[in-house]
Amino acid sequence: MIPAERQRAILALLSNQEVISISELTRQLDVSHMTIRRDIGKLESDGRVMSVSGGVQLTETIHSELSHEVKITQYRNEKAEIGIYASSLIKQNMTVYLDAGTTTLEIAHQLTLRDDVMVVTNDFAIADFLMNNSECNLYHTGGKVDRKNQSCIGDKAAKMLRGLNIDIAFVSTSSWNQRGISTPSEDKVLVKQAIVASSQLNYLVSDSSKYGKIATFHAVDIDCFDKVITDRRFPISSTQDLSERGLEVVTV
């Protein structure tokens, strides 16, 4: 059986059960562990599957994002810890980009005393909080309004970002895997791509629930990020896999 046939067989098996162990795949396909791991690696890089402890499962596809009001109630402790750690990476007088999201809002909560930084954001909640609770220099991208997520998206927001030199960017996502981050919104792709091109340091900030999910539009390759900041529930096996690709994963 050639690799493409084995990989189709793996996907067929996963269509009938949620998780399959590596040992079960080697038994059913009559190949070595090394061969199965290579096949899984290929499927994972294509965004089709996600490795879990001792096995593999299909990637979950998302077709729409939750609203800001729902997101802010989820994984609150994990997001707060990510926010504390991420804010510690912001050095004096930096220009900082905070992407739209409730995790990046937690970073903003840590900046109330930072009058030395300039913050750029496309998120209305972040802008509102910093406007009323900090002395930092503050810029909003403007652009097409995404009411559901209380942010701006599209080419006008991206154009503003392309005109800046950002020191450090904290990028959020609703879904990501070993290939990179994706989104159900084509207009968000432009903003994500503009910021990673404009920033010297790009950090992906995401609680572990977002990992292993994929959306319609691929936005940014995982190799564009200097670091991933996530929570302690993030799979150890995935940390190791990403580390082998040269990407530092910090769990807080």
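Numbers here are sequence positions counted from 1.
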Heavy-atom check, side chain of [X] versus side chain of [Y], under 4.5 Å:
X: T239; Y: S243; answer: yes
X: I62; Y: S175; answer: yes
X: I195; Y: D99; answer: no
X: S151; Y: K144; answer: no
X: I82; Y: E106; answer: no
X: T183; Y: V189; answer: yes
X: F225; Y: V220; answer: yes
X: D241; Y: Q178; answer: yes

- Cluster check L98, I168: I/L/V/M/F/W/Y, side chain < 4.5 angstrom: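 Yes, because L98 and I168 connect within a single hydrophobic cluster, where side-chain heavy atoms sit under 4.5 Å apart.
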- Message: For residues V205 and V249: do they belong to one hydrophobic cluster (side chain heavy atoms under 4.5 Å, members Ile, Leu, Val, Met, Phe, Trp, Tyr)?
- Response: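 No, because V205 and V249 fall into different hydrophobic clusters, even though each may have its own neighbours under 4.5 Å.
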- Query: Among N137, V119, V117, D167, which residue meets the side chain to side chain contact (heavy atoms under 4.5 Å, CB included) test with T95?
  - Reply: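 By the side chain to side chain contact (heavy atoms under 4.5 Å, CB included) criterion, T95 pairs with just one of N137, V119, V117, D167: D167.
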- Query: To the nearest 0.5 Å, what is the distance between CG (L43) and CZ (R6)?
  - Reply: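 These two atoms lie 10.5 Å from each other.
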- Reported CG-to-CD1 distance for the pair N122 and I126, which is rounded to 0.5 angstrom: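 Rounded to the nearest 0.5 Å, the CG-CD1 separation comes out at 7.5 Å.
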Can you give me the closest heavy-atom contact between [X] and [Y], atom names plus distance?
X: S172; Y: L204; answer: C-CD1, 4.5 Å
X: S174; Y: P184; answer: OG-CD, 3.8 Å
X: G83; Y: Q110; answer: O-CG, 3.7 Å
X: I153; Y: S185; answer: CD1-OG, 4.0 Å
X: L161; Y: A194; answer: CB-CB, 4.1 Å
X: Y203; Y: L89; answer: CE1-CD1, 3.4 Å

Using a strict cut-off of less than 4.0 Å between a Lys/Arg side-chain nitrogen and an Asp/Glu carboxylate oxygen, indicate whether [X] and [Y] qualify as a salt bridge.
X: R245; Y: D223; result: yes
X: E65; Y: K188; result: yes
X: D207; Y: K210; result: yes

Tell me, yes or no, whether the heavy-atom count around [X] atom [atom1], taken from other residues, nucleotides or ligands under 6.0 Å, exceeds 12.
X: F217; atom1: CZ; answer: yes
X: R233; atom1: CZ; answer: no
X: Y211; atom1: OH; answer: yes

- Message: Between D231 and S208, does the side chain to side chain donor-acceptor pair (under 3.5 Å) criterion hold? Intermediate values first, please.
- Response: CA-CA 6 Å; D231 62 71; S208 57; 2.9 Å; yes
- Item | Worked verdict on D115 versus C136 for side chain to side chain contact (heavy atoms under 4.5 Å, CB included) | CA-CA 4 Å; D115 61 359; C136 70; 6.0 Å; no
- Task: Starting from the C-alpha separation in whole Å, work towards a yes-or-no answer on salt bridge (Lys or Arg N to Asp or Glu O under 4.0 Å) for R114 and D116.
- Result: CA-CA 5 Å; R114 295 294 301 270; D116 59 296; 2.9 Å; yes
- Pairs satisfying ring pair (Phe, Tyr, Trp, His ring centres under 6.0 Å), at least one member in residues 86-107, at least two apart: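 For residues 86-107, and leaving out neighbouring residues, there are no ring pair (Phe, Tyr, Trp, His ring centres under 6.0 Å) pairs at all.
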[X] side-chain N/O to [Y] backbone N/O, donor-acceptor pair under 3.5 Å:
X: T173; Y: W176; value: no
X: T112; Y: N133; value: no
X: E5; Y: I2; value: yes
X: T141; Y: A157; value: no
X: N202; Y: V196; value: yes
X: T59; Y: V49; value: yes

- Query: Under 6.0 Å between ring centres, would you say that holds for H68 and F124?
  - Reply: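 No, ring centres 6.0 Å or more apart.
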Modelled atom types, side-chain donor and acceptor of [X] and [Y], under 3.5 Å:
X: D39; Y: Q7; value: yes
X: K79; Y: T102; value: yes
X: Q240; Y: E244; value: no
X: T26; Y: S23; value: no
X: Q150; Y: E69; value: yes

- Item | Pair T61-T216, side chain to side chain contact (heavy atoms under 4.5 Å, CB included): steps then yes or no | CA-CA 8 Å; T61 301; T216 304; 5.9 Å; no
- Task: Output the rest of the hydrophobic cluster of L66: all Ile, Leu, Val, Met, Phe, Trp and Tyr residues reachable through side-chain heavy-atom contacts under 4.5 Å, sorted by chain and number.
- Result: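 Joined to L66, directly or through intermediates: V70.
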- Item | Check against salt bridge (Lys or Arg N to Asp or Glu O under 4.0 Å), D221 and R179 | CA-CA 6 Å; D221 290 343; R179 185 185 176 203; 5.2 Å; no
